[in-house]
Amino acid sequence: MSLLTFELLATEDQARAGVFHTAHGPLATPIYAPVGTQATVKAVTPQQLREVGASLVLANTYHLYLRPGDELIARLGGLHAFMAWDGPMLTDSGGFQVFSLAGHRGEESLRRIDEDGVTFRSHIDGRQHRFTPEKVIEIEQNLGADIAMVLDECAVPDDYDYLKRYALPRTHAWAERCLAAHTREDQALFGIVQGGVFADLREASARHLTALDFPGYAIGGLSVGESKDEMLATLDVTTPLLPAGKPRYLMGVGTPEDLVEGVARGIDIFDCVLPTRVARNGQALLRDGKLNMRNARFADDPAPLDAACTCPTCRHFSRAYIRHLVVAKEILGATLLTQHNLHTMLTLIHDIRDAILDQRFEAFRTAFWDARERKGS
RNA sequence: GGGCAGUUGAUCCGAGCGGCAAAGGAGGCGGACUGUAAAUCCGCUGGCGUAAGCCUUCGGGGGUUCGAGUCCCUCACUGCCCA
């Protein structure tokens, strides 16, 4: 199979199982990517990532450009060598940072967007920088991930006029410029469909971008404040407009439920900080719920986080011990919970894939929701 | 034996210096977290009541005052210093 192509192995209604061929090996989809913003998935080593079944890892253009610098990383052999991860990687463009830095902590906005790009101040030292589509591609090519993302504008999802007048035209123009600037043949550049929660905007965006023939398409601007129903309804109208022969990436999503429902709507790639972030904040994710490990009820609980789980954490450590680590603010607590949470997400997506390959995804989905309902009642 | 300093909400530390149910920590309990400025953030932490509010609290006892954790007397205990 030639590089950067997508092989569809099985489908069941909208759900798909496939393989995306990258320079660092085949990527079995659907897949869930842990987020390693600053060239590290916080609290775990690459070896631990591999142990819990990670295949694709995210990193971030904005953060690595500011520190330690994309040119330094390029000199040291690129992102894979730098962080010692030899599997597939994806770099986000910084579009989301432009969005999230806008209104942080009520401070004066750290950025200004215009037609040509975005001017922003570093959150680290306040120095001014400028991202244009061309600059972002230069950085991402220096980093050398297998998948790079175009610079987009991730705006509030319910401001129709703003999205239509400003954010979408910019996102589309920038996508074209990114594509024109991109030269690395071992790196796939994905376009990003925007349009908030509005079906007509999503459709316009999907049509515009698919005409540009990217090797893959992302759906951005979701899970940023809109309701779950709005997110799913948006997926319902968007994925059918994307080419079946290209991978579809739902950016920044999400929870176990989101994986099941996203796949059911034709998504192939997910990423989310949730499992790693909540781990550092003391929460264990289970396939059918979650546990707050600070809770007193776990103080003398000798059971593992999840009796059915085979992750390194559940094989060796009790809830009582993990609660102790979390309460005592010991760093190992974050590591153990991160491993467990990633394992939960990665085995879920793996099981989803197997179900699609066996043409029993719909039954899997029903059982998944039944289990959550039983737990909830 | 003498001198000085101290004893705060029944977990601990600690502000307080005439209007206080009493600052702030720690600890405890609970919640949140979705393309990571997050090992972060937000509640609650004397009792009763939905609430206005009422009741009980600042080592013990007594006093001054409209009113005392705050001022006076006395007792107890703790720490440092002098014998």
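The structure displayed is predicted, hence computed values, not measured ones. Below, each value reflects all heavy atoms present in this structure, side chains not excepted, and no hydrogens, waters or symmetry copies. Throughout, protein chains are lettered first and strands after them, A, B, ... in sequence-line order, and every chain is numbered starting at 1.
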What integer number of Å spans the P atoms of G69(B) and C17(B)?
14 Å

N/O to N/O distances under 3.5 Å, protein versus nucleotides 41-45 of chain B:
none

Look at S223(A) and U34(B) and indicate whether a side-chain polar atom (N or O) is within less than 4.0 Å of OP1 or OP2.
no

Strictly by Watson-Crick or wobble contacts shorter than 3.5 Å, is anything paired with A23(B), and which nucleotide is it?
none

Picking from G30(B), G28(B), A37(B), the nucleotide nearest the side-chain atoms of H63(A) would be A37(B)

For D271(A), which contact category applies under a 4.0 Å heavy-atom criterion: base, sugar-phosphate, or nothing?
sugar-phosphate

Taking T132(A) for the side chain and D116(A) for the main chain, is one N or O donor matched with an acceptor at less than 3.5 Å?
no

Does U65(B) have a Watson-Crick or wobble partner in any strand here, with both distances under 3.5 angstrom, and which is it?
none

Counting any heavy atom closer than 4.0 Å, what does A334(A) reach on the DNA or RNA strands: base, sugar-phosphate only, or nothing?
nothing

Taking the six-membered ring for Trp, is the centroid-to-centroid distance between F270(A) and Y249(A) below 6.0 Å?
no

May I ask you to say what G221(A) touches in the nucleic acid, namely base, sugar-phosphate or nothing, with a heavy-atom cut-off under 4.0 Å?
base

What's the gap between C72(B) and U7(B) when it is taken at their P atoms, as a whole Å value?
14 Å

Using the ring of each side chain (for Trp, its six-membered ring), is H129(A) parallel, tilted or perpendicular to F120(A), with breaks at 30° and 60°?
parallel

Take atom CZ of R127(A) as the centre, draw a 6.0 Å sphere, and report whether it contains more than 12 heavy atoms from other residues, nucleotides or ligands.
no

Name the pairing partner of U70(B), where a pair is Watson-Crick or G-U wobble with both distances under 3.5 Å, or state none.
none

Distance, C1' atom - from G46(B) to A37(B), rounded to whole angstrom
40 Å

Expressed in whole Å, how much space separates the C1' atoms belonging to G24(B) and C20(B)?
16 Å

If the cut-off is 4.0 Å, is S100(A) near the phosphate of A37(B), judged by side-chain N/O to OP1 or OP2?
yes

Using a 4.0 Å heavy-atom cut-off across all strands, classify E330(A) as base, sugar-phosphate, or nothing.
nothing

Provide, to the nearest angstrom, the distance between the CG atom belonging to N281(A) and the P atom belonging to U36(B).
16 Å

Within the modelled atom types, does a donor on one side and an acceptor on the other bring the side chain of N292(A) and the base of G30(B) under 3.5 Å apart?
no

Taking a pair as Watson-Crick or G-U wobble with both distances under 3.5 Å, which nucleotide is matched to G46(B)?
C55(B)

Checking side chain to side chain donor-acceptor pair (under 3.5 Å) against R265(A), which of T238(A), T239(A), D236(A) comes through?
D236(A)

How is V41(A) classified with respect to the nucleic acid when contacts are heavy atoms under 4.0 Å: base, sugar-phosphate, or nothing?
nothing

Just the rounded figure in Å: distance from C1' of A39(B) to NE2 of H340(A).
18 Å

Roughly how far, to the nearest 0.5 Å, is the CZ atom of R319(A) from the CG atom of D306(A)?
8.0 Å

Between A26(B) (P) and K329(A) (NZ): distance, integer Å:
8 Å

Does F368(A) offer a backbone N or O that forms a donor-acceptor pair with the side chain of R287(A) under 3.5 Å?
no

Taking only side-chain nitrogens and oxygens of K228(A), does any of them come within less than 4.0 Å of OP1 or OP2 of U34(B)?
no

L342(A) has an atom CG; how far is it from atom C1' of U34(B), in whole Å?
14 Å

On the 0 to 90° scale, with breaks at 30° and 60°, tag the F214(A)-Y217(A) ring pair as parallel, tilted or perpendicular.
perpendicular

Whole-Å gap separating P (C33(B)) and CG (D258(A))
11 Å

Residue mapping more 5' on RNA chain B - nearest nucleotide basis, R277(A) or C272(A):
C272(A)

Could you tell me how far U65(B) sits from U56(B) if I compare only their C1' atoms? Round to whole Å.
22 Å

Phosphate OP1/OP2 of U36(B): any Q97(A) side-chain N/O under 4.0 Å:
yes

For U40(B), which nucleotide is its Watson-Crick or G-U wobble mate, given both distances must be under 3.5 Å?
A32(B)

Nucleotide paired to G1(B) in any strand shown, Watson-Crick or G-U, under 3.5 Å:
C82(B)

Rounded C1' spacing from A22(B) to C58(B) in Å
8 Å

Could you tell me the separation between the CD atom of E226(A) and the C1' atom of U34(B), rounded to a whole number of Å?
10 Å

Rounded C1' spacing from G19(B) to C12(B) in Å
29 Å

Which base sits across from G6(B) as a Watson-Crick or G-U pair, both distances under 3.5 Å?
C77(B)

Using a 3.5 Å distance criterion without hydrogens, assess whether the side chain of K246(A) forms a donor-acceptor pair with backbone atoms of F6(A).
no

So, with a heavy-atom separation below 4.0 Å from RNA chain B, the residues of residues 179-215 of chain A are I192(A), Q194(A)

Report yes if the distance between the aromatic ring centroids of H343(A) and H350(A) is under 6.0 Å, otherwise no.
no

Could you check whether any side-chain heavy atom of L143(A) comes within less than 4.5 Å of a side-chain heavy atom of L64(A), counting everything from C-beta outward?
yes

Does a nitrogen or oxygen in the side chain of N60(A) sit under 4.0 Å from OP1 or OP2 of U36(B)?
yes

Write down the distance separating the P atoms in C71(B) and G6(B), rounded off to the nearest Å.
10 Å

Looking at the side chain of T276(A), which of A32(B), G35(B), U36(B) is the nearest nucleotide?
U36(B)

Round to a whole Å and report the spacing from CZ of R67(A) to P of A37(B).
12 Å

Would the H340(A) and F317(A) ring centres measure less than 6.0 Å apart?
no

Using 30° and 60° as the class boundaries, would you call the ring planes of H172(A) and H208(A) parallel, tilted or perpendicular?
parallel

Integer-rounded Å distance: G28(B) P and R297(A) CZ:
17 Å

